K.L.:
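Right, I'll just put the structure down here and ask away after.
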Amino acid sequence: MSSSSRSPILQVEDLLKTYRTDRSLIKRSSVKLTAVNRISLEIERGEFFGLVGASGSGKTTLGRLILKLEPFDAGSIRFNDLQIHGLKGSKLKAFRRQIQLIPQDPYQSLNPYLSVFDTIAEPLIIHRMGNPGERKVRARDALEAAGLSPADDFFPRYPHQLSGGQRQRAAIARAMVLKPEFVVADEPTSMLDASISFTIFKLLSEIQKQKKVTFLFITHDLAAARFLCNRIAVINQGEIVESGPTLDIIENPQTEYTKSLIQAQPSFSFAQKAAAAT
Amino acid sequence: MSKETRSQKSYTWQRFLEGWSLFYENLVGRIGLILLLVFGLMAVCSYIPPLIDPMYHPMTGVDPDVFRSTPPSAAHWLGTDNIGRDLLSQLLTGARIAFLVGISAAFMSIVFGTLIGMIAGYAGRLTDSLLMRFADMIMVMPSLLVVLLLSSLFGQLNIWIIVLLIALFRWPGISRVIRAQTLSLKERPFIDTARVAGASNLRIIFRHILPNVLPMALLYMTFRVTSAIIVEAALAFLGFGDPNTVSWGMMLQWVWKTGHMFQAPYWLLPPGICISLITLAFYMIGRAMEEVLDPRLRKEEQKV
Amino acid sequence: MTLLQVNNLSIAYQTRTGTALAVDDVSFALDKGKSLGIVGESGCGKTTIGMGLLRLLPDNALIKQGAVLFKGSDILEFSTAALQDLRWKKISMIFQAAMNAWNPVQRVGDQIIEAIRIHDPGISRDKAKLEVEKLYEMVDIPTNRIFDYPHEYSGGMKQRAIIAMALSCRPDLIIADEPSTALDVIVQDQIIKKIKAIQKKFNIAIIFISHDIGVVADVCHDIMVMYKGRIVETGKREEVFVEPVHPYTKSLLSSYLTLDGVLEFQNESAPKSCLTSTDQAPGTCGFLPNCPQAEPSCASEAPQWQAISETHKALCRFCK
């Protein structure tokens, strides 16, 4: 037990993922696209780790590989010292209970035909946890912890009756209801307004502190990573170009790519100048 | 309180109510529905004439006073056929048969088509290719010709066999549509979250994909009803119908066979008009449903 | 010189359940060569204003009142022909997903040439092509890519080509509605820089609509903050973003993340309003249910415009 708490929760080594795109039917040639190119990284237990990159950098693919939503070509992913490649049956189910996803687009991430209660209780039913009464209690706790209370008012609603922020809170409750150790949050607010994003970020950091959950936060927004993460990795074209403590990287970037990312960030420089002047 | 009870109704029910109000605003849909109600009434009424007098039985009842086809009269509102059977009661029974054939054949082809479409779309790869090539093969077969061949081989076919054959030849179109929908649903994030939560493939197909493709399946069912009724009528007219049932196609065949084509318009026209109108009714309902389901076809777009 | 003057514009949408007011009594003015930013959350009516200025609203929208004076004549009174002449030539628009608006089976260059020649049939094809080359240089796309198909362009290039097309008729005003939202940070930065440079170079006025206050602050001289269909605060960007007075603007700014952390304008532990929206009279402040500095009288009296400086105004009864 003590050994597992000291070792990293997630170890990615030399991970490779390529996609084949068939260019034409006549010529049997196919082009290989390398989405994840020999990536290695370690995530410590209980940390808020950020993966920052532009669209097409391979950050979402890496998240999907870790969640075992897609197979990879070479390398290894170890979760709690367990190789996730080739997991089957009860071991796969146990893995699925410990690692969850908060998806990108709250408008697409909830099944429109399931009520909030059915959505949140589904993971519990799949893993045969508790009787209906206990499930209701756990679902209620999860939803209220995600900031939708009283839960009983929200249980009978359907996704189209919720605002964007409320939907994302329901999706967070669904991810947290199994009490996972590790959560992948894939750009959870890219479809939301800044003010709503901010409340979601605050919720995530609260969850991480209270429940001791490890987060992998995938984003293109350095400012959001700055707010949430203690450590980040910058990813470009399938490779990690730089990683380390968040503030170090933002204040002292080592690579051109990171510098360009920082520069592209809209800033209130004029505002700060004016504020400093007064 | 009222707000809570409203939100407690399932999404399916809400979508139905919302769709219904849109449907009802649609003139085409309303006409189709009224036509369909008239035919439904006819089908229900078909049980009444034989109760009044056995001579009104559409198949076996013969008016003892009539020896040839007669035009409409007080005793026979639509007249009689050449052996004295009442045409009105035949027409009413025909409505019943049309509903029976149309709806059961369409329902069966929907069940086949939806299941095969979902499996092909969700499984992908080899399963998908095999199922879809099979569907293509059936789709290009001239279904009427094959049914004609089968019935000439095995003699007269029972009405249920005809229904089954129509269903077996009519699912590929539906499975293509459902497969396409499943392919796009499969990429939706809620399928990912279900898989991450540990849901099995069966659970994903039936709990997450099925409810989302069901409205489309129901829409295609209305179009399939139309084609099933036409196929059955064609078969019956060509003499390959079930000789023990009275369908509109059968009535047309009798007019033809007894040489009354141009002598007895009161006999020829009602079943012909009925076939046209009932298929038109289902088609109109389908078009209106399509508009409800596909917001792009709607005239007013709600955008704020 | 005032280029565009909007007076008391109100736009409503007719839905099956009733009418919804999307733009409520909005007035503003824009000088030649200036840029105006409209900021607000989704659904606040900012896109509706942009569409309303060019009368590109969907069929179920209704302009209830107001006037849109462009160089002194009211666009809302224009005939269809005059409107056609105005769009693109005098006022052009860059939409949010405009990069997806290219016809996939036509070369991009041909589409721009066609647009030029529709509005000015006197120009020969060769001359129009030269014009397109100039435009491409302006937006930094290699001129040998002019006759490529849209799918051969990257997302940022497609959006820059849209900007080139918007500039093709040398308009006096460009309305840009979230022109960079679907793009990632680096490309967004390129687009914003391009828009700024072009605005300076040609002295074109811009109305820039976005939910991202950082981007708006980067581009625009003047800012309007919109909430639930109304303008709640307006002024120069230094005034609105450095010394915001309206509680909504403050809350908007306090939730904006930058690389230096959160912009601190407001005490986070400020008490939420204890007033519920149910006891609110119609026409009163829309932000009341969330306002930390509301007073009971806000629920019965309509908010008033308060002038903080000559250019800085806020729609609130207590802002000073």
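Order of the sequence lines fixes the chain letters, A, B, ..., with proteins taken first and strands second; residue numbering starts at 1 for each chain. Given the structure is predicted, the values throughout are model-derived calculations rather than measurements.
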K.L.:
Measure A:L110 against the heavy atoms of chain B and call it side chain, backbone, both or neither at under 4.5 Å.
P.N.:
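Contact with chain B involves the backbone of A:L110 alone.
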
K.L.:
In terms of heavy-atom proximity below 4.5 Å to chain B, should A:S115 be classed as side chain, backbone, both, or neither?
P.N.:
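Contact with chain B is absent: no heavy atom of A:S115 under 4.5 Å.
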
K.L.:
Write down the atom of A:Y113, the atom of B:P215, and the distance for their closest heavy-atom approach.
P.N.:
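Shortest heavy-atom separation between A:Y113 and B:P215 comes out as OH-CG, 3.3 Å.
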
K.L.:
Would you please go through residues 126-146 of chain A and name the residues with a non-hydrogen atom below 4.5 Å from one of chain B, in numerical order?
P.N.:
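Expected list: A:I126, A:H127.
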
K.L.:
As an exercise: rank A:P103, A:S109, A:P180, A:P123 by heavy-atom pairs under 4.5 Å with chain B and give me the winner.
P.N.:
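Max contact count across the listed options: A:S109.
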
K.L.:
Could you check B:R207 against A:D118 for side chain to side chain contact (heavy atoms under 4.5 Å, CB included), going step by step and ending with a plain yes or no?
P.N.:
CA-CA 11 Å; B:R207 182 90 172 143; A:D118 287 337; 3.7 Å; yes

K.L.:
At under 4.5 Å between heavy atoms, what parts of residues 188-204 of chain B are in contact with chain A? List them by residue number.
P.N.:
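Residues B:R188, B:P189, B:F190, B:D192, B:T193, B:A194, B:R195, B:V196, B:A197, B:G198, B:A199, B:R203 are the ones that qualify, each having a heavy atom under 4.5 Å from chain A.
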
K.L.:
Output the residues of residues 160-181 of chain B for which the shortest heavy-atom distance to chain A is under 4.5 Å, in residue-number order; output 'none' if no such residue exists.
P.N.:
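Listed by number, there are no contacting residues, so the answer is none.
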
K.L.:
Under 4.5 Å, heavy atom to heavy atom: which of residues 88-101 of chain A reach chain B? Give them by number, or say none.
P.N.:
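Near chain B, by residue number: A:K93, A:R96, A:I99, A:Q100, A:L101.
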
K.L.:
Side-chain contact test, heavy atoms from C-beta onward, threshold under 4.5 Å: evaluate it for B:E187 versus A:Q108 and give yes or no.
P.N.:
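A side-chain contact under 4.5 Å is absent here.
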
